[in-house]
Amino acid sequence: MAADIKELVHPLVVRVTHWINVVAVLLMIASGWRIYNADPIFDFSFPDELTLGGWLAGALQWHFAAMWLLVLNGLVYVCYGILSGHFRRKLLPISPVAVLRDVRDALRGRLAHDDLSVYNAAQRAAYLALIVALVVMVLSGLAIWKPVQLYWLAMPMGDYEGARLLHFFAMVAVVLIVIVHVIMVMLVPRTFPTMFTGRIRRAS
Amino acid sequence: MSNKMGGSFLAHRTPQVANLERRLFLKRGLSVGALALLAGCELTDAESVQKVLWAMSGWNDRVQDWLFDPSRLAPEFPESRITRPFPFNGYYSESEVRVIDGTDYKLELGGMIRDAKPWRLPELYALPQVSQVTRHICVEGWSAIGKWSGVRFSDFLQRVGADTTAKYVGFQCADDYSTSIDMATALHPQTLLALRFADEILPPKYGFPMKLRMPTKLGFKNPKHIAAIFVTNEYPGGYWEDKGYNWFSGS
């Protein structure tokens with residue numbers, strides 16, 4: 001009997017927080033686009049069909065409810081990642097040379113995904129960038145929400161208006177990273193079930 | 001270590017277990033997809049979701065009340081930073097601005113106020129006046145800097161013997177607008193009963209004869225054309241608040 005060993009590549013905490021994060025980020029972006037549409041910063045609006053809330057007040061209600069989901073779930077993930085050594089093991093070390101090499105290989109369709117338990121340098125960079133972008137989103141969001149009470153947070157971002165721009169560009173970064181992430185999953189589909197089961201089959 | 005143990009345990013799984021796993025996986029996948037879909041459309045109108053969203057808004061009121069530092073001042077700016085022209089905003093268009101006659105204007109007082117006699121405009125102009133150049137932040141996202149002058153609201157509340165242990169101060173406006181604020185914000189040193197804008201008597205579009213100016217709250221919380229002020233312990237709501245905008249809306 002060919003024994004195949006199932007190896008745990010995504011711990012339960014990572015899987016659960018990942019899927020909660022998917023819901024939270026979708027809610028935040030869809031409601032955030034509606035809020036943006038109430039007073040577009042740039043010369044465009046987001047299509048209403050892609051937004052959530054129906055009108056500004058509804059979108060704000062969604063945004064300020066889902067922010068708790070995003071932040072509490074994010075705190076669980078980050079605390080777990082640091083305390084358990086998950087970040088250190090999976091995301092580090094990361095060298096710019098390796099990232100450039102892996103990104104180049106990926107663009108040529110030559111990046112190997114033999115071992116799903118190890119993130120390549122391009123993955124490490126993308127996941128770290130997403131974590132940083134989401135942290136910036138939360139901090140700039142808090143600064144927009146509370147530019148007076150949290151002035152110490154808003155001031156280094158260029159006060160209310162600066163924080164508002166930062167919030168927008170961090171959203172752009174999150175959306176771009178998510179799009180690349182989803183494309184990569186579609187190109188390497190066997191990574192998808194792993195995010196539910198946490199395990200890969202490995203011939204022993 | 002635990003990985004290995006889990007691995008060997010799973011190595012012995014029966015076809016039934018494998019089948020179960022597959023079904024579980026499908027189920028989980030479906031529920032995530034369903035959640036994402038529902039969040040986008042049908043669920044939005046469901047009454048239970050509306051209830052949760054309103055409850056979260058109430059929770060956010062409490063968090064903001066807790067975050068509010070009564071001595072924290074909003075940033076003030078040099079007059080060179082004033083936004084010109086200062087944008088008009090309201091629940092009606094600029095062409096529909098109410099023009100109020102200042103000669104028979106009376107500010108009515110009500111609720112938990114000891115000396116609730118109405119105030120005439122000249123009496124209000126005669127009170128000590130202070131000025132501020134502060135940023136007005138609209139719930140829509142834009143902001144603009146303006147200069148307002150008037151009576152410090154905490155001085156006024158003390159002068160008329162308002163019960164400052166009450167929870168709320170409510171406002172009825174001559175343009176059929178209404179709003180209400182927490183007592184802590186009412187007593188904040190930058191909360192003004194504004195009678196002037198840019199050193200001129202408040203023009204109709206900015207709320208003649210008076211508006212409440214609070215740089216610690218979003219623009220829609222700053223009522224214009226105030227006709228009556230009342231102090232109460234019963235939640236008064238407001239024009240936009242009753243439609244779903246967050247009540248505290250503090251900056």
- Message: Does the plane of the ring in F197(B) sit parallel, tilted or perpendicular to the ring in W148(B)? Use 30° and 60° as the thresholds.
- Response: perpendicular

- Query: Do the side-chain N and O atoms of T51(A) and R34(A) include a donor-acceptor pair separated by under 3.5 angstrom?
  - Reply: yes

- Determine the interplanar angle of the Y245(B) and F220(B) rings, folded into 0 to 90°, and report it as parallel if under 30°, tilted if 30 to 60°, perpendicular if over 60°. tilted

- Task: Compare every heavy atom of V133(B) with every heavy atom of I82(B), then report the nearest pair and how far apart it is.
- Result: CG1-CG1, 3.8 Å

- Item | K243(B) NZ/CZ over Y239(B) ring centroid, <6.0 Å and within 45° of normal | yes

- So which of L73(B), V52(B), V139(B) has the largest heavy-atom pair count under 4.5 angstrom toward chain A? V139(B)

- Quick one: what part of Y151(A) sits under 4.5 Å from any heavy atom of chain B, side chain, backbone, both or neither? side chain

- Task: Select all residues of residues 64-80 of chain A having any heavy atom within less than 4.5 Å of some heavy atom of chain B, and report them by number, or 'none'.
- Result: F64(A), A65(A), M67(A), W68(A)

- What residues of residues 161-169 of chain A sit under 4.5 Å from chain B when only non-hydrogen atoms are counted? E161(A), R164(A)

- Return the orientation label for the F44(A) and F42(A) ring planes: parallel under 30°, perpendicular over 60°, tilted otherwise. parallel

- Message: With a 4.5 angstrom heavy-atom cut-off, is it the side chain or the backbone of L60(A) that approaches chain B, or both, or neither?
- Response: side chain

- Query: Do the side chain of Q190(B) and the main chain of A74(B) share a donor and acceptor less than 3.5 angstrom apart?
  - Reply: yes

- Just give me the residue among G141(B), S57(B), G244(B), S249(B) that pairs up with chain A most often, heavy atom to heavy atom, under 4.5 Å. G141(B)

- Note on the structure: When the 4.5 angstrom heavy-atom criterion is applied to N246(B) and chain A, the contacting part is neither

- Item | Sole candidate of W54(B), W240(B), Y235(B) that passes ring-ring contact (aromatic ring centres under 6.0 Å, His included) when paired with W247(B) | Y235(B)

- Answer yes or no on whether K224(B) is positioned over the face of Y206(B), meaning its NZ or CZ is under 6.0 Å from the six-membered ring centre and within 45° of the axis. no

- Message: Could you check whether K167(B) pairs with D65(B) (Lys NZ or Arg NE/NH1/NH2 to Asp/Glu carboxylate O, under 4.0 Å)?
- Response: no

- Query: Under 4.0 Å between a Lys/Arg side-chain N and an Asp/Glu carboxylate O for R124(A) and D102(A)?
  - Reply: no

- Query: Relative to chain A, which of L218(B), I137(B), D69(B) shows the most heavy atom pairs under 4.5 Å?
  - Reply: I137(B)

- Item | Heavy atoms from other residues, nucleotides or ligands near CD of E94(B) exceed 12 (cutoff 6.0 Å) | yes

